[in-house]
Every structure is written in C-alpha cells, then in structure tokens.
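Step one of this worksheet: look at the structure below.
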Amino acid sequence: MINYSRFSLDNGLRVIHNYDPSTAMVAVNLLYNVGSRDEDPSMTGIAHLFEHLMFAGSANIPDFDAEMERAGGVNNAWTSNDFTNFYDVAPMQNLETLLWLESDRMLALSFSDKALEIQRNVVIEEFKQTHLNRPYGDMSHYLRALIYKSHPYRYPAIGKEISHIEKVTEQDIRDFFYSHYAPNNAVLSICGNVTLDDARRLVDKWFGDIPSREIAARRYKPEPPITAPRRLEVRGKVPYPVIVIAFPMPGYGEKGYIECDLLTDILASGHSSRLYRRLVMDSELFSAADSSIIGSEEPGFLMLKGTLNDNSDDTIRKAEEMLLAQALELTTLTTTSPISLYETQRAINRFTSDFTFSNVNYLSRAQSLALAEMHGEDINSIVPAYAAMTPERLTATATRIINPSRSCTLIYRPE
C-alpha cells in the first residue's frame, strides 16, 4: 500500500505527495503530457530535442546543472512517444532548490540560438550512435513504419530522420514550448522526507504564478486496422538474423492490455518461460527469444522476437514457423499446450514482485505516482487489476490478438 496525497493549483498543475521518513532525500518528478505523437510529421524528433533543451538554461537560470550540483542534487530525463519526464534528487533540505529549478524552466526557456545549436548537435550524435551506427539500431524505424501507416507511432521518439532535427528553428522551439509545456499539461510528484504542508507551501510559492496555457490539440486520426499480413525484409551490418512478429494490441487502460502484458511474461520471462525452454534450449536455430509489449498509451503492439544462429533461407523459414507456433499455443486455435493456472499465477507474482520492489525506492515511487495520476488511476489498484487475471481471460485475449492475418513480420538479415 502506497500512501499519498493529491492537490491541484489554480493553474491546473496536479501534485502528488508521498511522505517517506526513512530517507534523508527527496525526489521531484515532473511528467509532461507531450511526446513524439505531438510532433508535426515533417519535424519529428523535436520532443526529444526539447528534453535536452530543458537543461540548456531557462528564463532566470542560465546553468541548470550548476545550480543542481550546488544543492547536492542529480537529475535526468526521458522522452517517449507519449510523455516527457524530468526527475531530480537532492537532500531533503534542498527541496526548494529543486522546485525553483523546475518551475523556472516551466515558466520559459532561454530560447537562445547557441543553446539550440549545441543541443541539436548532441541529439544528432545520439541519433547516429544509437540508431544508425549500432547493430539493429534502426530496427524500431523499420518495425514501426511497417505497423503504422498514418499514426505518429510510425517513427520512434528520437525522430524519423536527422534532417528533421537539422531544420528546427528558434521559432519552432518557442511554438512547441508554449503549446505543450505548461502547468495544466503536467503532473508534479514529490516523494521523500518532506511533509505535505511543506510540499504544498513550496509548490504554491514556485509554481502558483505560472499561467496556464492553451495546449495544442492532437489532430491525427486512429490508425486504420490491419486487415492482411505485412512483411518486410531488410539487410544491415549485423552479426545474426533477427525475426520480429508483431500484432496490434490495445493501448494502456483498455480491455486486453494487462492480459497482453502477462501473455508476454508467460512466453518470455525467465528461464522457465516457453520461448526459452522450447526455442533456445531445445532448438539449435535460436540463440535468443523474447516477447514484449511497447506499453503505449494508444493502441500498440505485442512483439515476438528471435535471434537466429544461421542466415540461410531454410533456417529463417523454420524459425519463423516455430516462433509463431509458440504464440499460437496460447490461443484456442490449439489445445496442445493451453495456458495453465500455474503459468498465470507465476506471471502475476512476477509483476507483483517487480512493481512492489521497484517502488521501495523513493525516486521510482515518485515516477510511478506521477504516471498513475496522469492515467487518472489509483496506484494501489494496479496490482489487484493484474491479480484478477485468469487463464481463461488470457486465452481469450491471446485468441483475439495473436492473429496471423493481422501480423507484421520483419526479417533483419546480415548483409
């Protein structure tokens, strides 16, 4: 049970507080409801660029990191297709410094050409390092473009191509900032050895005067249903072939999301999972096998993935059949190996353990609380929702989702 308090400011900022007297530290987490799905399709990567720009100086603080270090604090951030998140940790006595820093860059950035150019170069180098010059780094570009044809999920958060980042101007930055980074589009969470009264007083002091803003509407339409199998084969500078088979699935909070999460655990979590025992251990074709969901807010995909030992056409054909067969055994299309109560409970126990122990840490708890508030849910309802799953519910969802006629298959082979 995680005890927390909630309050809101007049400008729309939602605040979550968790008092933790067991630590001498405090974590501040600021989650903005903006990600790469909010970008202009001709200027992708700007949300991720903004993650970097938010550390490049704000209206009254030219050096964010220097002030953070003076307070004995550390900070970082991440960007996804759905959200942008910033988090800070410092001794509890310096909570006000953290709130001062975060409030000033919510108020306004410095918007300098120099800062833009520096961070643009950093992001371009990151793009090259993580997606262009790393084996399999561009796999997400190929896979997303195969699954999505119109939705902004069709490219990863880092952007579709470097040229989009290269052409961002200072005016583009201003427009994106003032239409997304605002108190009425964010959730602030505070977790640590700070009382609710102190947290409320300091949040009101530093965030209360920031005006709410008009948030840009999301104008894209839902992705049309996949009505026939899709396939793509690419070659690159990689050591081994990889097969990915993806199936469309519900977004977060929709019926079937939790079931899909648990299905991938049954398939691929741990050495007792189906894919590891049956494909990696009992077959000479696979060196690794995995299954996962992307965990997106809007309809995403459930993914099967296999790394092979051989690049021959025959091996790839057989491996693809074996990978798909293991997933189909979770459905009512086959009765050879139905989902058992033991497998279901093991997957539930694994999730419960991971969720519980990750939130022992005050920083992880701050992030979890912010995300739960953004979702409009009670964080204490998450584990019971998973615990309510049954083999019958998992099987019904598997039968609906793991449908070969709606599959998207990517074969990534060595040159």
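Just so you know, residue 1 is the first one in the sequence shown, and it goes up from there. Side-chain atoms are counted along with the backbone in the values below, which use heavy atoms only and exclude waters and symmetry mates.
Pairing each heavy atom of K167 with each of D172, the nearest pair is O-OD2, 3.9 Å. Taking both residues in full, the closest heavy atoms of F207 and L99 are given as CE1-O, 3.7 Å, listed atom of the first, atom of the second, then distance. The two residues H17 and A199 make their nearest non-hydrogen contact at CD2-CB, 3.6 Å. P248 and I226 get closest at one heavy-atom pair: CG-CD1, 3.6 Å. In terms of heavy atoms, Y148 sits closest to G300 at OH-CA, 3.1 Å. Nearest heavy atoms, Y32 versus M374: C-CE, 4.1 Å.
The environment of CZ in R230 is crowded: more than 12 heavy-atom neighbours from other residues, nucleotides or ligands sit within 6.0 Å. E415 CD: more than 12 foreign heavy atoms inside a 6.0 Å radius. Around the OH atom of Y240, the shell of radius 6.0 Å holds no more than 12 heavy atoms that belong to other residues, nucleotides or ligands. In the displayed structure, N349 atom CG is contacted under 6.0 Å by more than 12 heavy atoms of other residues, nucleotides or ligands.
To the nearest 0.5 angstrom, I165 atom CD1 is 12.0 Å from Q119 atom CD. To the nearest 0.5 Å, atoms CZ (R350) and CD1 (I266) are separated by 11.0 Å. Rounding to the nearest 0.5 angstrom, the gap separating the CD1 atom in I16 from the OG atom in S8 is 8.0 Å. Put simply, CG on L267 and CG on L302 are 7.5 Å apart, with the number rounded to the nearest 0.5 Å. For the atom pair CD1 of I402 and OG1 of T331, the computed distance is 7.0 Å after rounding to the nearest 0.5 Å. In this structure, CD1 on I401 lies 4.5 Å from SG on C260, to the nearest 0.5 angstrom.
At least one side-chain heavy atom of H375 sits under 4.5 Å from a side-chain heavy atom of E297. A heavy-atom distance below 4.5 Å is not found between the side chains of F301 and C408. At least one side-chain heavy atom of R413 sits less than 4.5 Å from a side-chain heavy atom of I316. Under the 4.5 Å side-chain criterion, counting only non-hydrogen atoms from C-beta, E259 is not in contact with R400. By the 4.5 Å heavy-atom criterion applied to side chains, P404 and L328 are counted as neighbours. Taking 4.5 Å as the limit, every side-chain heavy atom of K305 sits out of range of all side-chain heavy atoms of S291. Annotation: side chain of I61 is in contact with side chain of W100 (closest heavy-atom distance under 4.5 Å). With contacts defined as side-chain heavy-atom distances shorter than 4.5 Å, the pair Y386/T352 does not qualify.
In this structure a side-chain-to-backbone donor-acceptor pair under 3.5 Å is missing from D88 to N75. Within the 3.5 Å criterion, the main-chain N or O of R144 finds no donor-acceptor partner in the side chain of R154. Remark: side-chain polar atoms of N18 are paired, donor with acceptor, to backbone N or O of N3 under 3.5 angstrom. Of the possible donor and acceptor atoms, none in the side chain of N11 sits under 3.5 Å from a partner among the backbone N and O of P211. Between the side chain of E39 and the backbone N or O of I46, at least one donor-acceptor pair lies under 3.5 Å. Formation of a donor-acceptor pair under 3.5 Å by the S273 side chain with backbone atoms of G270 is found in this model. In terms of modelled atom types and a separation under 3.5 Å, the side chain of T395 and the main chain of E392 share no donor-acceptor contact. A donor-acceptor contact shorter than 3.5 Å links the side chain of S283 to the backbone of L285. When atom types are taken as modelled, the side chain of S381 and the backbone of D378 share a donor-acceptor pair closer than 3.5 angstrom. With S179 contributing its side chain and I215 its backbone, the two residues share no donor-acceptor pair below 3.5 Å.
Note on ring orientation: taking the six-membered ring where Trp is involved, the planes of F355 and F351 are parallel (angle under 30°, cut-offs 30° and 60°). Aromatic ring orientation, Y181 versus F50: parallel (interplanar angle below 30°, classes split at 30° and 60°).
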Criterion salt bridge (charged side-chain N to carboxylate O under 4.0 Å, His left out) on R120 and D113, from CA distance to verdict: CA-CA 10 Å; R120 187 206 316 274; D113 288 330; over 6 Å; no

Carefully, step by step, assess H48 and T79 under the rule side-chain hydrogen bond (donor to acceptor under 3.5 Å, both in side chains). CA-CA 6 Å; H48 176 247; T79 307; 5.4 Å; no

Run the numbers on S189 and Q367 for side-chain hydrogen bond (donor to acceptor under 3.5 Å, both in side chains), then give the verdict. CA-CA 7 Å; S189 63; Q367 296 192 56; over 6 Å; no

Would you sort out whether H131 and Y155 count as a ring-ring contact (aromatic ring centres under 6.0 Å, His included), showing the intermediate values? CA-CA 12 Å; H131 286 72; Y155 51 83; over 10 Å; no

Should D310 and S312 be marked as a side-chain hydrogen bond (donor to acceptor under 3.5 Å, both in side chains) after you check the CA-CA gap, both sets of side-chain angles, and the distance that decides it? CA-CA 6 Å; D310 179 55; S312 69; 2.6 Å; yes

Working note: I339 + L263, criterion side-chain contact (heavy atoms from CB on, under 4.5 Å); need CA distance, chi angles, decisive distance, verdict. CA-CA 9 Å; I339 299 172; L263 287 170; 3.6 Å; yes

Run the numbers on S163 and E161 for side-chain hydrogen bond (donor to acceptor under 3.5 Å, both in side chains), then give the verdict. CA-CA 6 Å; S163 64; E161 54 189 74; 2.5 Å; yes

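A cation-pi arrangement is found for R105 relative to F55, the charged atom lying closer than 6.0 Å to the ring centre and inside a 45° cone about the ring normal. By the 6.0 Å and 45° rule, R174 stacks over the aromatic ring of F111.
Classification of R218 and E298 as a salt-bridged pair fails, no side-chain N sitting under 4.0 Å from a carboxylate O. Ionic pairing of K318 and E321 is not present here: no N-O contact between side-chain nitrogen and carboxylate oxygen is shorter than 4.0 angstrom. The pair D138-K237 does not meet the salt-bridge criterion, since no charged nitrogen lies less than 4.0 angstrom from a carboxylate oxygen. Using a cutoff of 4.0 Å between basic side-chain nitrogens and carboxylate oxygens, R274 and E343 are scored as salt-bridged. The residues K114 and E117 are annotated as not salt-bridged, no charged nitrogen and carboxylate oxygen being separated by less than 4.0 angstrom. Ion pairing between a basic and an acidic side chain is recognised when a charged N comes within 4.0 Å of a carboxylate O; R231 and E320 show such pairing. Between R277 and D282 there is no salt bridge, since no side-chain N of the basic residue sits under 4.0 Å from a carboxylate O of the acidic one.
Between H141 and Y412, the distance from one ring center to the other does not fall under 6.0 angstrom.
Results of the side chain to side chain contact (heavy atoms under 4.5 Å, CB included) test with L232 over V244, T409, L143, L410 single out L410 as the only residue that passes.
A side-chain N or O of T332 and one of T399 form a donor-acceptor pair less than 3.5 Å apart. Between the side chains of S36 and N81, at least one donor N or O sits under 3.5 Å from an acceptor N or O. Counted by atom type alone, S80 and D82 present zero donor-acceptor pairs between their side chains at under 3.5 Å.
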